[in-house]
Amino acid sequence: QVQLVESGGGLVQPGGSLRLSCAASGTIASVNSMGWYRQAPGQERELVTHITDSGITTYADSVKGRFTISRDNAKNTVYLQMNNLKSDDTAVYYCNANVRRPFEYRYLEVWGQGTLVTVSS
């Protein structure tokens, strides 16, 4: 069983900052890409940012220049640094990862439970 657990969400004023963390646990042989998605009330889930195993990143246009994704050396934790937050950033943020279990060739797509970020004055 592989699990992703997000943390770091909360209430912040417009222009403020938050840092989200996502830790992978369980029996894992390797982790390929990791990313962050978000889902605002009444909206569909959308991609925020992705990072590959080699460190190549991509961002949604709405967060470019404000958000930064990173991962630790063991590739079992991914972070999302969010600066200059706006009210439109309010959403539940979900961690995503493609992982491979020992002695298996296929990769599994795993989702975290989500952490709520509320941007309001």
Side-chain angles (χ1 to χ4, degrees):
Q1 183 178 355
V2 178
Q3 294 182 331
L4 301 178
V5 180
E6 302 102 332
S7 62
L11 175 65
V12 64
Q13 294 182 340
S17 298
L18 282 175
R19 184 175 66 184
L20 306 183
S21 299
C22 173
S25 63
T27 306
I28 301 172
S30 62
V31 180
N32 193 9
S33 63
M34 305 184 77
W36 291 94
Y37 291 71
R38 67 185 181 186
Q39 187 168 18
Q43 304 295 319
E44 295 184 350
R45 188 172 301 185
E46 64 174 348
L47 173 67
V48 177
T49 179
H50 249 266
I51 185 168
T52 69
D53 59 340
S54 61
I56 301 174
T57 60
T58 184
Y59 297 91
D61 289 340
S62 59
V63 305
K64 287 181 179 178
R66 301 187 298 117
F67 290 11
T68 303
I69 188 172
S70 62
R71 60 195 298 172
D72 70 1
N73 293 332
K75 299 184 179 180
N76 64 347
T77 303
V78 64
Y79 306 94
L80 181 62
Q81 178 66 46
M82 303 183 293
N83 298 325
N84 192 24
L85 283 161
K86 305 175 181 179
S87 60
D88 287 346
D89 295 320
T90 296
V92 177
Y93 284 72
Y94 297 91
C95 179
N96 175 81
N98 290 295
V99 305
R100 184 174 62 84
R101 295 177 294 183
F103 308 107
E104 294 186 7
Y105 179 80
R106 62 174 180 161
Y107 279 82
L108 299 176
E109 187 175 51
V110 185
W111 292 89
Q113 85 288 350
T115 184
L116 177 63
V117 173
T118 302
V119 184
S120 177
S121 60

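Residue indices begin at 1 and follow the sequence shown. FYI, side chains are in, hydrogens and waters are out, and symmetry mates aren't considered; it's all heavy atoms of this structure.
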Mind checking whether [X] and [Y] sit in one hydrophobic cluster, side chains of I, L, V, M, F, W, Y counted as touching below 4.5 Å?
X: Leu47; Y: Val92; answer: yes
X: Phe67; Y: Val12; answer: yes
X: Val2; Y: Met34; answer: yes

Subject >> Distance (rounded to the nearest 0.5 Å) between Asn84 CG and Arg66 CZ >> reply: 6.0 Å
Donor-acceptor under 3.5 Å ([X] side chain, [Y] main chain):
X: Arg101; Y: Ile28; result: no
X: Gln81; Y: Arg19; result: no
X: Thr118; Y: Thr90; result: no
X: Tyr59; Y: Ile69; result: yes

**OP:** State plainly whether the residues Asp53 and Arg71 are in salt-bridge range, i.e. N to O under 4.0 Å.
**Re:**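 Judged by the 4.0 Å cut-off on N to carboxylate O distance, Asp53 and Arg71 do not form a salt bridge.
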Subject >> Salt-bridge contact Lys64-Asp61 (side-chain N to carboxylate O under 4.0 Å) >> reply: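 Looking at Asp61 together with Lys64, the answer is yes, because their closest N to O distance falls below 4.0 Å.
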**OP:** Evaluate the side-chain proximity of Ser62 to Arg38: yes if any heavy-atom separation is below 4.5 Å, no if none is.
**Re:**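 Result yes, sub-4.5 Å side-chain heavy-atom pair found.
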**OP:** State, yes or no, whether a side-chain contact exists between Val119 and Leu11 at a heavy-atom distance under 4.5 Å.
**Re:**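 No; the side chains remain at least 4.5 Å from each other.
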Heavy-atom pair of closest approach, residues [X] and [Y]:
X: Gly112; Y: Glu6; result: CA-OE2, 3.1 Å
X: Pro14; Y: Ser121; result: CD-N, 3.7 Å
X: Leu80; Y: Trp36; result: CB-NE1, 3.5 Å
X: Leu4; Y: Gln113; result: O-OE1, 3.5 Å
X: Tyr37; Y: Val48; result: C-CG2, 3.9 Å
X: Val117; Y: Gly9; result: CG2-CA, 4.1 Å

Original post:
Should Ile51 and Val78 be marked as a side-chain contact (heavy atoms from CB on, under 4.5 Å) after you check the CA-CA gap, both sets of side-chain angles, and the distance that decides it?
Top reply: CA-CA 9 Å; Ile51 185 168; Val78 64; 4.2 Å; yes
Subject >> Pairs where residues 81-121 contributes a residue and the test disulfide (SG to SG under 2.5 Å) is met, not counting sequence neighbours >> reply: Cys22-Cys95
Original post:
With under 30° as parallel and over 60° as perpendicular, where do the rings of Trp111 and Tyr94 fit, or are they tilted in between?
Top reply: perpendicular
Original post:
Do Ser54 and Thr52 have side-chain atoms, one donor and one acceptor, less than 3.5 Å apart?
Top reply: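 Short answer, yes.
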